[in-house]
Amino acid sequence: MTATTGTAPGTTTSDVAHAHHVKSERWKNTRAYAGLALIVIWGLAPFYWMIVTAFRDVGYTFDTTPWPTHVTLDNFKTAFSTDRGNHFAQALGNSVIIGVVTTALAMLVGVFAAYALSRLHFRGKYLVLGFILGASMFPGVALVSPLFQLFSSLGWLTGANYQALIIPDISFALPLTVYTLTAFFSEMPWELEESARMDGCTQGQAFRKIMLPLAAPGLFTTAILAFISAWNEFLLASQFATSTTQPVTVAIANFAGAQPHQEPYTTVMAAGTIVTVPLIIMVLFFQRAIVSGLTAGGVKG
């Protein structure tokens, strides 16, 4: 083959095209990685600054140095101190109780509802799914007044009445659970269940012994998402929680400083770090199961 005009001797047209293709792919990868880096920085910058402030001495709260300076652990001690009326440790326990109970009840109801919606064929099936999805989009602020009146008449806004926080959280976690698990169950190989029925299993036994183990990744992922949703809820909890039942989101918002009308920024940041880090560790530790659960429902067996 002859050399291409304007190129080095011995260079063919295919070589030039290949080099151009490699350069184009390299430029695309560079742009993709740059975009991902920008998104990561944008998402993690507030969290990074929260950690920096959490470890910073209170006298240097507004120091703009972008790396940790005047490092101290006093803010974390203050967060757990009850001298100023803050009950952060108790609020952590409340959040765990609310999150675990909400997740358990949402999963208990959501699994059977999602299984029925994916397995059974009946008129209005997709309309029901539409209502469930619409319920998850309902604004929480619209529920404050009616729920406040209802819970007041039931006497749930005094004392240790966790149901005033758990029931509203379930109303948000359950649509997410049903919708996610319905999509997951719909893509599962039903031939296995039919084979189990032919071998003598009842429908309940086939569901318990065959389908539930296969659905473990989806169940695990949905449970984590439901727990995080309940853990982070603030709007309704700020209205219905008492001093005995308030979760960490409300407790942090009510932190009191050493002086009147003083916002304890460093203590709030320390408490925020304590609340956020366990969730991040949990997600990182179980990231393979989460990714597996989120993608398994979208791939046919």
*Asks:* Is there a path of hydrophobic side-chain contacts, each under 4.5 Å between heavy atoms of I, L, V, M, F, W or Y residues, that connects Val248 with Ile280?
*Replies:*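 Hydrophobic grouping puts Val248 with Ile280.
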*Asks:* Ignoring hydrogens and angles, tell me if any N or O in the side chain of Asn161 forms a donor-acceptor pair with the backbone of Gly155 under 3.5 Å.
*Replies:*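 Side chain of Asn161 to backbone of Gly155: a pair is present.
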*Asks:* Does CZ in Phe185 sit with more than 12 non-hydrogen atoms of other residues, nucleotides or ligands closer than 6.0 Å?
*Replies:*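 It does: Phe185 CZ has more than 12 such atoms within range.
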*Asks:* Is there a continuous path of hydrophobic side-chain contacts, each under 4.5 Å between heavy atoms, that joins Ile228 to Ile274?
*Replies:*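 Ile228 clusters together with Ile274.
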*Asks:* Just wondering, more than 12 heavy atoms not from Lys125 lying within 6.0 Å of its NZ?
*Replies:*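 More than 12 within 6.0 Å, yes.
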*Asks:* Determine yes or no for a side-chain-to-main-chain donor-acceptor pair under 3.5 angstrom, with Gln239 supplying the side chain and Val144 the backbone.
*Replies:*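 Side chain of Gln239 to backbone of Val144, a donor-acceptor pair under 3.5 Å: no, none is there.
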*Asks:* Would you call Val96 and Trp231 a side-chain contact if the rule is heavy atoms closer than 4.5 Å?
*Replies:*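 A side-chain contact under 4.5 Å exists here.
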*Asks:* Quick one: do Val275 and Leu73 end up in the same hydrophobic cluster if we chain Ile, Leu, Val, Met, Phe, Trp and Tyr together by side-chain heavy atoms under 4.5 Å apart?
*Replies:*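 Yes: a chain of side-chain contacts under 4.5 Å links Val275 to Leu73.
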*Asks:* Do Phe138 and Phe172 have ring centres separated by under 6.0 Å?
*Replies:*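 When the ring centroids of Phe138 and Phe172 are compared, they turn out to be at least 6.0 Å apart.
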*Asks:* Can you confirm whether more than 12 heavy atoms, excluding those of Tyr60, are under 6.0 Å from its OH atom?
*Replies:*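 Not buried by this count: 12 neighbours or fewer within 6.0 Å.
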*Asks:* Quick check: are there more than 12 heavy atoms from other residues, nucleotides or ligands sitting under 6.0 Å from CZ of Phe47?
*Replies:*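 For Phe47, atom CZ is crowded (more than 12 foreign heavy atoms under 6.0 Å).
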*Asks:* Would you call the rings of Phe240 and Phe151 parallel, tilted or perpendicular, taking 30° and 60° as the class edges?
*Replies:*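 Phe240 and Phe151: perpendicular rings.
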*Asks:* Any donor-acceptor pair under 3.5 Å linking the side-chain atoms of Ser81 with those of Thr78?
*Replies:*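 Thr78 vs Ser81: no donor-acceptor pair found between side chains.
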*Asks:* With a 4.5 Å heavy-atom cut-off, do Thr273 and Met50 have their side chains touching?
*Replies:*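 Yes - at least one pair of side-chain heavy atoms lies under 4.5 Å apart.
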*Asks:* If you define the side chain from C-beta out and look only at heavy atoms, does anything of Phe227 sit under 4.5 Å from Thr102?
*Replies:*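 No, side chains not in contact.
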*Asks:* Ignoring hydrogens and angles, tell me if any N or O in the side chain of Gln149 forms a donor-acceptor pair with the backbone of Pro146 under 3.5 Å.
*Replies:*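 No; zero donor-acceptor contacts below 3.5 Å.
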*Asks:* Would you kindly confirm whether Phe88 and Tyr265 end up in one hydrophobic cluster when ILVMFWY residues are joined by side chain heavy atoms under 4.5 Å apart?
*Replies:*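 In one cluster with Phe88: Tyr265, no.
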*Asks:* Roughly how far, to the nearest 0.5 Å, is CG of Leu105 from CG of Asp169?
*Replies:*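 Rounded to the nearest 0.5 Å, the CG-CG separation comes out at 11.0 Å.
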*Asks:* Looking at CG of Leu174 and OG of Ser229, how far apart are the two atoms once the value is rounded to the nearest 0.5 Å?
*Replies:*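 Answer for the CG-OG pair, Leu174 versus Ser229, is 11.5 Å.
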*Asks:* In terms of the angle between their ring planes, are Phe207 and Tyr115 parallel, tilted or perpendicular, with boundaries placed at 30° and 60°?
*Replies:*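 Plane angle between 30° and 60°, so tilted.
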*Asks:* Return yes when atom CZ of Phe148 has more than 12 non-hydrogen atoms of other residues, nucleotides or ligands closer than 6.0 Å, and no otherwise.
*Replies:*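 12 or below, so no.
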*Asks:* Does any non-hydrogen side-chain atom of Tyr126 lie less than 4.5 Å from one of Leu117?
*Replies:*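 Side chain of Leu117 against side chain of Tyr126, heavy atoms only: no contact under 4.5 Å found.
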